[in-house]
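Letters go in sequence order (proteins before strands), and every chain restarts at 1.
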Amino acid sequence: MGAPLFKSTFQVKDYDLDATLDSGQAFRWTREGGKWVGVIAGRWVSLGMANDGLIVRTTSEPGDWHWLRDYLQLDVEYDEIVESFPDDEAIQGAVKACRGLRLLRQEPWECLASFICSSSKQIVQIRQIVKNLCDRFGEHIAVPDESSDGRAFPTARRLARCSEGELRECKMGYRAPYVLGAAKVVTDGGVDLNALNDLPCAEARRELMKLPGVGRKVADCVLLFAYGFEEAFPIDVWIGRGLNQLYFPKREPNRKQLEQFTSTYFGPHAGYAQQYLFHYVRTVLEKPVRGRALAKKK
DNA sequence: AACCAGGACACAA
DNA sequence: TTGTGTCATGGT
């Protein structure tokens with residue numbers, strides 16, 4: 001039979017669970033009957049909202065909830081963050097439309113491997129690749145219902161033992177050698193993921209970019225979503241188009257110029273601003289036109 | 001049925 | 001240093 005389930009409630013305010021778990025920063029959360037089911041640090045977890053309270057069910061012994069508070073970032077000063085944004089129409093509109101959207105604090109290796117797989121992929125496909133990896137190579141974890149199959153995200157050590165073909169069977173295509181190479185470097189200490197917390201953001205970024213398949217954008221995602229470097233501002237195709245539309249409707253700057261702009265303009269919590277803009281352009285601005293409106297001109 | 005996706009990389013200029 | 005073709009796979 002399944003593992004016993006422990007329930008606890010956390011008082012939260014300004015926390016939009018749906019937006020947070022479904023905004024393209026983490027890829028394993030699934031909706032199951034009004035609740036979100038996922039895995040945090042090898043623990044099966046179910047999350048739900050009711051009466052301004054966050055209801056948590058987990059197979060992990062209650063007591064020290066630090067792993068949960070840290071992952072969900074329950075203790076951040078939300079108001080201070082959104083009030084630090086510049087007072088322009090675009091970002092203020094995004095905050096107004098997405099109030100309660102949060103950044104998570106994910107495990108570095110899972111975040112890193114997932115975003116190596118993310119390049120030039122739609123979010124639904126990234127989720128499928130990550131699921132394939134977990135189903136094939138993740139350790140079994142305790143689950144409340146024996147009919148379900150809970151697994152942790154596979155360790156770097158485990159993936160380093162895979163063949164490139166086994167990874168390609170997870171449908172990650174040309175990213176397979178990247179994931180394999182990164183897993184090997186991380187496993188034999190070429191890059192120490194546990195040491196990046198103590199580095200300045202720029203140095204941590206340089207370390208990450210030593211890994212195969214990790215360029216500026218993937219590195220920034222990991223810096224922001226796993227290490228909490230809030231000055232990191234990942235620029236993908238959506239953010240690039242969004243910034244062009246909202247801030248530079250005529251000029252159309254290139255990627256480097258956008259990096260310059262975003263490194264100062266949005267302030268010390270720029271990474272949060274980035275997540276608001278990302279969610280905003282995807283759920284509000286471009287919904288009716290599905291991208292065509294901003295196609296390359298000429 | 002084309003077009004594009006939370007890009008990185010080797011290679012050109 | 002900045003710009004282009006290529007790389008799998010599948011959603012819309």
- Task: Check whether any side-chain N or O of A:Asn254 sits under 4.0 Å from OP1 or OP2 of C:dT2, and answer yes or no.
- Result: no

- Item | Value in whole Å for how far the P atom of C:dT2 lies from CZ of A:Arg255 | 13 Å

- Message: Between B:dG6 and C:dG5, how many Å separate the two P atoms, rounded to a whole number?
- Response: 22 Å

- Message: What's A:Gln274 touching, base or sugar-phosphate or nothing? Going by heavy atoms closer than 4.0 Å.
- Response: base

- Spacing between A:Ile116 atom CD1 and C:dA8 atom C1', to the nearest angstrom: 16 Å

- Compute whether any side-chain donor of one residue and acceptor of the other, for A:Arg57 and A:Ser46, lie under 3.5 angstrom apart. no

- Item | Integer angstrom distance from the P of B:dA1 to that of C:dC7 | 23 Å

- Message: Using heavy-atom distances to pick each residue's nearest nucleotide on DNA chain B, tell me which of A:Phe278 and A:Leu211 is more 5'.
- Response: A:Phe278

- Message: Quick test of your reading of the model: are A:Lys217 and A:Asp236 salt-bridged, counting only N-O distances below 4.0 Å?
- Response: no

- Heavy-atom side-chain proximity of A:Trp109 to A:Val186 below 4.5 angstrom: yes

- Message: Rounded to whole Å, please give me the gap between CD in A:Gln128 and C1' in C:dA8.
- Response: 15 Å

- With a non-hydrogen cut-off below 4.0 angstrom, is A:Gly24 in contact with a base, only sugar-phosphate, or nothing? base

- If we take the C1' atom in both C:dT6 and B:dA5, what is their distance in whole Å? 16 Å

- Result for 5'-nearest mapping on DNA chain B, choosing between A:Gln125 and A:Val214, is A:Gln125

- Message: At 4.0 Å (heavy atoms only), tell me whether A:Phe225 reaches a base, stays on the sugar-phosphate, or touches nothing.
- Response: base

- Query: Any chance the rings of A:Tyr15 and A:Tyr78 have centres within less than 6.0 Å?
  - Reply: no

- Message: Once you apply a heavy-atom cut-off of 4.0 Å, does A:Ser23 come out as touching a base, just sugar-phosphate, or nothing?
- Response: base

- Item | Short side-chain N/O contact to B:dA8 OP1/OP2 from A:Arg216, under 4.0 Å | no

- Among C:dG11, C:dA8, B:dA8, which nucleotide sits nearest the side chain of A:Val218? B:dA8

- A:Ser23 and A:Gln275: side-chain donor and acceptor closer than 3.5 Å? yes

- Is the base of C:dT1 touched by the side chain of A:Lys256 through a donor-acceptor pair closer than 3.5 angstrom? no

- At under 4.0 Å between heavy atoms, what does A:Ser120 touch on the DNA or RNA strands: base, sugar-phosphate, or nothing? base

- Query: Separation of A:Ile239 atom CD1 from B:dG7 atom P, in whole Å?
  - Reply: 11 Å

- Any chance the side chains of A:Asp88 and A:Gln92 put a donor and an acceptor closer than 3.5 Å? no

- A:Trp238 has an atom CH2; how far is it from atom C1' of C:dT12, in whole Å? 11 Å

- Query: Angle class for the A:Phe233/A:Phe266 ring planes (parallel below 30°, perpendicular above 60°, tilted otherwise)?
  - Reply: parallel

- Relative to A:Trp238, does A:Arg241 satisfy both conditions: NZ or CZ under 6.0 angstrom from the six-membered ring centre, and within 45 degrees of the ring's axis? yes

- Task: Under 4.0 Å from any atom of DNA chain C, heavy atoms only: list the residues of residues 170-188 of chain A that qualify, in numerical order.
- Result: A:Lys171, A:Gly173, A:Tyr174, A:Arg175

- Spacing between A:Glu169 atom CD and C:dG10 atom P, to the nearest angstrom: 13 Å

- Message: Rounded to whole Å, how long is the line connecting atom CD1 of A:Ile123 with atom P of C:dG10?
- Response: 18 Å

- Can you check the A:Gln260 CD to C:dT2 P distance for me, whole Å? 10 Å

